[in-house]
Protein chains: 2
Amino acid sequence: MTDSTASTGELPDSLSRLYDDPEAEAATLRERAGNPAVADRVSRLCGTLSNPLRLRLLWALRDGECCVCELQTAVDAPQSTVASQLRHLTDVGLVTTRKEGKWSYYGVADDGVFELVDRAAGLADRTEVDE
Amino acid sequence: MTDSTASTGELPDSLSRLYDDPEAEAATLRERAGNPAVADRVSRLCGTLSNPLRLRLLWALRDGECCVCELQTAVDAPQSTVASQLRHLTDVGLVTTRKEGKWSYYGVADDGVFELVDRAAGLADRTEVDE
DNA sequence: CAGTCATATCGTAGTCGTTCGATATGAGTC
DNA sequence: GACTCATATCGAACGACTACGATATGACTG
């Protein structure tokens, strides 16, 4: 007996009842859901932008390069916290580093982030449910 | 003795050495980092978009309403998993529900998500570091 | 080369998110 | 009103993320 809660491969009973050719329908549905690899990449980027501290670091860099101590001041967080989030941002490719003596200067790799974030802010304002 | 790793309020020693009027500089830096409340809202939205399954659910809804069993098929995940992610999406306000008998139909609340996600995909392609 | 300085990394504790089986709910049907 | 069906919620297991003190690194300075 097929179980409608089956995780993989099996079609839900409800779907089979709903359509004459469930397999064909399933194929189009799966296509609609898009490419999982793309979903992974987008989700990773959004994951990076899902941390308030990282967002604020990006904003602080909007007007140009900063060294770590400036960023540390801008976001008012301990040095190690700032450093590790900067590492995260550079790992993901959103931010670049440049070393100059003992100083490290960070900058934004692609100004497109700001367009993205601005748009996200707009959407958040429109959609967010007040609790 | 001030500790450069101090978390809150205290300015890093390096900053104090760097500027004549560190407090003034700190003020402008803090302003650059933007409004923490906005950062929170944006980060929450991005957090929602930071899960591949949720992204794929949104994409599946791009062409119109679906019931749960269709979505379950589209993303090929167990019913309870799909249901709880749909709950997350509606909680955040990105998706709407409509009940009709035993069926629940889900739809996208604001097509702006897709613009946002498309833009994110573009940025991800441009910035992601190959490992 | 000992010391200081700016930053990076490590280690850990605590929190949060995700998944999914089991079970509840509430609508329809006989 | 017992049964089936579609979906929702619960609960536990597990992993990922976060913050941050402690410590390491590597550059400059006397």
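Just so it is clear, the model here is predicted, and its values are computed rather than measured. Protein chains get the first letters and strands the later ones, always in sequence-line order, with residue 1 at the start of each.
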How many Å lie between CG on B:L57 and P on D:dT7, as a whole number? 13 Å
When you get a sec, tell me which of C:dA6, D:dA19, C:dG26 is the closest nucleotide to the side chain of A:K102? C:dA6
Residue closer to the 5' end of DNA chain D, A:S80 versus B:T97 (nearest nucleotide): B:T97
Respond yes when some side-chain nitrogen or oxygen of B:S104 is under 4.0 Å from OP1 or OP2 of D:dA8, and no when none is. yes
5'-most contact on DNA chain D (nearest-nucleotide basis), A:L53 vs B:K99, goes to B:K99
A:L55 CG to D:dT18 C1': how many Å, rounded? 15 Å
Is B:Y106 near enough to D:dA6 that one of its side-chain N or O atoms lies under 4.0 angstrom from OP1 or OP2? no
A:E115 (side chain) donor-acceptor with A:G112 (main chain) under 3.5 angstrom: no
Hey, does the side chain of B:S14 come within less than 4.0 Å of C:dC5's phosphate (OP1/OP2), counting only N and O? no
Return no unless some side-chain N or O of A:R87 is found under 4.0 Å from OP1 or OP2 of C:dA8. no
In whole angstrom, what separates B:E100's CD from D:dA6's C1'? 13 Å
Rounded to the nearest angstrom, tell me the gap between atom CD in A:Q72 and atom P in D:dG21. 11 Å
OP1 or OP2 of D:dC17 sitting under 4.0 Å from any side-chain N/O of A:N51? no
The side chain of B:C67 lies closest to which of these nucleotides: D:dT7, C:dG28, C:dC5? D:dT7
Does D:dT4 have OP1 or OP2 sitting under 4.0 Å from an N or O in the side chain of A:R17? no
Positive for side-chain contact (heavy atoms from CB on, under 4.5 Å) with A:V75, one of A:R56, A:E70, A:R54, A:Q85: A:R56
I need the B:D76 CG to B:L71 CG distance, nearest 0.5 Å. 12.5 Å
If you measure from the Lys or Arg side-chain nitrogens to the Asp or Glu carboxylate oxygens, is any gap between A:D125 and A:R119 under 4.0 Å? no
OP1 or OP2 of C:dT18 under 4.0 Å from side-chain N/O of B:S84: no
Tell me: CH2 of B:W103 to C1' of C:dG26, nearest whole Å? 14 Å
Over 12 foreign heavy atoms within 6.0 Å of CD, B:E65: yes
Closest approach to the side chain of A:Q79, judged atom by atom: which nucleotide of D:dT7, C:dT7, C:dT18 is it? C:dT7
Expressed as a whole number of angstroms, how long is the span from A:H88:NE2 to D:dA19:P? 11 Å
Expressed as a whole number of angstroms, how long is the span from A:D91:CG to D:dA16:P? 16 Å
Just how far, in rounded Å, is C1' of D:dA19 from CG of A:L86? 14 Å
Taking only side-chain nitrogens and oxygens of A:Q85, does any of them come within less than 4.0 Å of OP1 or OP2 of D:dA19? yes
Min side-chain heavy-atom separation A:L57-A:L89 under 4.5 Å: yes
